[in-house]
*Asks:* 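Structure below; questions to follow.
We use all heavy atoms of the structure for the numbers below, so side chains are in, but hydrogens, waters and symmetry mates are not.
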Amino acid sequence: LNQIENIPFTREELEKAKELGMMLVLRAPRIGKDKTAKPLTIKQMRGVFKGEDKLGDPKKKKSQIFYDQDWYNKEEFATKDTPSLGWGLVTKKILEESRSKNWDRQQEVLKKWAEENGIDPTSIKRRTPVEIAYDTLLYYGSNKESLLEDTWDWTGVQSSGGYFVVVGFFVSGGLNVRLDTRGYADSALGVCPAR
């Protein structure tokens with residue numbers, strides 16, 4: 001209860017975050033009640049939201065919430081990782097200046113962005129795949145708007161094969177998950193700073 005009763009950001013930090021296009025998110029690691037609660041993994045989310053889109057605007061429904069993929073069915077980031085209980089701040093869009101840059105150059109962009117906005121660079125991080133899925137679906141259900149519709153958010157999490165996990169392109173066919181090498185760059189591939 002202490003972890004969610006007290007938001008770990010000052011009023012000034014929250015106002016600055018709003019100016020920067022960030023949203024405040026309360027993340028939970030489990031779904032369900034008491035003894036029946038299950039870990040809230042990407043695999044669990046895919047099961048809960050299988051079938052018809054019951055989250056979005058009834059006039060603009062997606063054909064499904066998760067894009068039909070099976071390559072990550074046995075990956076730990078999808079079967080074991082859960083969001084940490086607590087509050088987070090994250091931008092709703094990737095940083096424009098992070099587009100068309102490889103993973104390491106994006107790290108430099110994150111640091112510069114933090115410094116330019118008076119934020120301790122060590123407090124800025126990339127989201128995990130499960131955090132991106134959680135935040136995106138929560139926003140979609142609450143606001144009936146899609147985040148990351150034509151962009152990808154690049155995580156710091158690697159697959160069993162050593163590639164970095166990328167989540168996004170939340171289009172009519174659902175939220176996509178893919179992999180990229182550290183040296184890859186693309187105009188739709190960026191990063192959403194998170195705290």
*Asks:* Between Asn143 and Glu145 (side chain of the first, backbone of the second, donor and acceptor by atom type, cut-off under 3.5 Å), is there such a pair?
*Replies:* no
*Asks:* What is the minimum heavy-atom distance between Lys111 and Pro121, and which atoms define it?
*Replies:* CG-CB, 4.0 Å
*Asks:* Could you list all the side-chain hydrogen bond (donor to acceptor under 3.5 Å, both in side chains) pairs where at least one residue sits in residues 154-172, not counting sequence neighbours?
*Replies:* Glu75-Ser160
*Asks:* Would you say that Tyr67 contacts Val171 through its side chain, given a criterion of any heavy-atom pair below 4.5 Å between the two side chains?
*Replies:* no
*Asks:* According to salt bridge (charged side-chain N to carboxylate O under 4.0 Å, His left out), does anything in residues 149-172 pair up with another residue at least two apart or in another chain? List the pairs.
*Replies:* Arg127-Asp153
*Asks:* If you count every heavy atom of other residues, nucleotides or ligands that lies below 6.0 Å from Lys61 atom NZ, does the total exceed 12?
*Replies:* yes
*Asks:* With ring-ring contact (aromatic ring centres under 6.0 Å, His included) as the rule and sequence neighbours excluded, what pairs involving residues 122-152 come up?
*Replies:* Tyr140-Phe170, Trp152-Phe169
*Asks:* Rounded to the nearest 0.5 Å, what separates atom CZ in Arg11 from atom CG in Leu14?
*Replies:* 8.5 Å
*Asks:* Step by step, would you call Val165 with Val177 a side-chain contact (heavy atoms from CB on, under 4.5 Å)?
*Replies:* CA-CA 7 Å; Val165 181; Val177 181; 3.8 Å; yes
*Asks:* If I take atom CG from residue Leu85 and atom CG from residue Leu26, how far apart are they, to the nearest 0.5 angstrom?
*Replies:* 6.5 Å
*Asks:* Determine, step by step, whether Val157 and Phe164 satisfy the side-chain contact (heavy atoms from CB on, under 4.5 Å) criterion, reporting the C-alpha distance in whole Å, the side-chain angles of both residues, the deciding distance to 0.1 Å, and the verdict.
*Replies:* CA-CA 6 Å; Val157 174; Phe164 283 95; over 6 Å; no
*Asks:* Is Val130 linked to Met23 within one hydrophobic cluster, defined over Ile, Leu, Val, Met, Phe, Trp and Tyr using a side-chain heavy-atom separation of less than 4.5 Å?
*Replies:* yes
*Asks:* Between Pro29 and Pro83, which heavy-atom pair has the shortest distance, and what is it?
*Replies:* CB-O, 3.0 Å
*Asks:* Can you run down the salt bridge (charged side-chain N to carboxylate O under 4.0 Å, His left out) pairs that involve residues 81-96, sequence neighbours left out, and say none if there aren't any?
*Replies:* Glu96-Arg99
*Asks:* I'd like to know if the side chain of Asp70 reaches the main chain of Asn73, judged simply by a donor and an acceptor atom lying under 3.5 Å from each other, with no hydrogens or angles considered.
*Replies:* no
*Asks:* Salt bridge check: are Lys43 and Glu76 linked by an N-O gap of less than 4.0 Å?
*Replies:* no
*Asks:* If I compare all heavy atoms of Thr91 with all of Met22, which pair ends up nearest, and what's the gap?
*Replies:* CG2-CG, 3.6 Å
*Asks:* Determine, step by step, whether Phe49 and Leu55 satisfy the side-chain contact (heavy atoms from CB on, under 4.5 Å) criterion, reporting the C-alpha distance in whole Å, the side-chain angles of both residues, the deciding distance to 0.1 Å, and the verdict.
*Replies:* CA-CA 9 Å; Phe49 296 114; Leu55 289 176; 3.7 Å; yes
*Asks:* List the residues meeting salt bridge (Lys or Arg N to Asp or Glu O under 4.0 Å) with Asp104, not counting sequence neighbours, and say none if there are none.
*Replies:* Arg182
*Asks:* For residues 155-172, pull every pair meeting salt bridge (charged side-chain N to carboxylate O under 4.0 Å, His left out), keeping only residues two or more places apart or in separate chains.
*Replies:* none
*Asks:* Kindly work out whether a path of hydrophobic side-chain contacts (I/L/V/M/F/W/Y, heavy atoms less than 4.5 Å apart) joins Leu89 to Leu148.
*Replies:* no
*Asks:* Looking only at non-hydrogen atoms, find the nearest pair between Thr136 and Leu147 and report the distance.
*Replies:* CG2-O, 4.0 Å
*Asks:* With Phe66, which residues qualify under side chain to side chain contact (heavy atoms under 4.5 Å, CB included), at least two apart?
*Replies:* Ile42, Met45, Arg46, Tyr72, Ala133, Leu137, Leu175
*Asks:* Is there a side-chain contact between Thr79 and Lys74, using heavy atoms and a 4.5 Å cut-off?
*Replies:* no
*Asks:* Look up atom CZ in Arg27 and atom OG1 in Thr82, then write down how far apart they are to the nearest 0.5 Å.
*Replies:* 11.5 Å
*Asks:* Is Glu108 paired with Lys101 through a side-chain N to carboxylate O contact shorter than 4.0 Å?
*Replies:* no
*Asks:* Identify all side-chain donor-acceptor contacts of residues 185-195 below 3.5 Å with residues at least two apart in sequence or on another chain.
*Replies:*
| unit_1 | atom_1 | unit_2 | atom_2 | d |
| --- | --- | --- | --- | --- |
| Asp186 | OD1 | Ala188 | N | 2.7 |
| Asp186 | OD2 | Tyr184 | OH | 3.3 |
| Arg195 | NH2 | Glu13 | OE2 | 3.0 |

*Asks:* Scan for salt bridge (charged side-chain N to carboxylate O under 4.0 Å, His left out) pairs involving residues 113-124, sequence neighbours excluded, and state none if there are none.
*Replies:* Lys112-Glu116
*Asks:* Among residues at least two apart in sequence or on other chains, which ones pass side chain to side chain contact (heavy atoms under 4.5 Å, CB included) with Lys38?
*Replies:* Ile31, Gln44
*Asks:* Can you list the residues that meet the salt bridge (Lys or Arg N to Asp or Glu O under 4.0 Å) rule with Lys54, with sequence neighbours excluded?
*Replies:* none
*Asks:* Can a donor-acceptor pair be found, under 3.5 Å and without considering hydrogens, that links the side chain of Lys80 to the backbone of Phe77?
*Replies:* no
*Asks:* Between Ile119 and Val109, is there a shared hydrophobic cluster once you connect ILVMFWY residues whose side-chain heavy atoms come closer than 4.5 Å?
*Replies:* yes
*Asks:* Taking all non-hydrogen atoms of both residues into account, name the closest pair between Ile94 and Ser98 and its distance.
*Replies:* CB-OG, 4.4 Å
*Asks:* Using the test side-chain hydrogen bond (donor to acceptor under 3.5 Å, both in side chains), find all partners of Gln106 that sit at least two apart in sequence or belong to another chain.
*Replies:* Arg126
*Asks:* So if you build clusters from Ile, Leu, Val, Met, Phe, Trp, Tyr with side-chain heavy-atom gaps below 4.5 Å, do Ile65 and Trp71 land together?
*Replies:* yes
*Asks:* With heavy-atom distances below 4.5 Å as the criterion, would you say the side chains of Asp53 and Lys62 are in contact?
*Replies:* yes
*Asks:* Report yes or no: does Thr128 contribute a side-chain atom to a donor-acceptor pair with the main-chain N or O of Glu131 at less than 3.5 Å?
*Replies:* yes
*Asks:* Test of understanding: clusters of I, L, V, M, F, W, Y form through side-chain heavy atoms closer than 4.5 Å, transitively. Do Ile124 and Ile7 belong to the same one?
*Replies:* yes
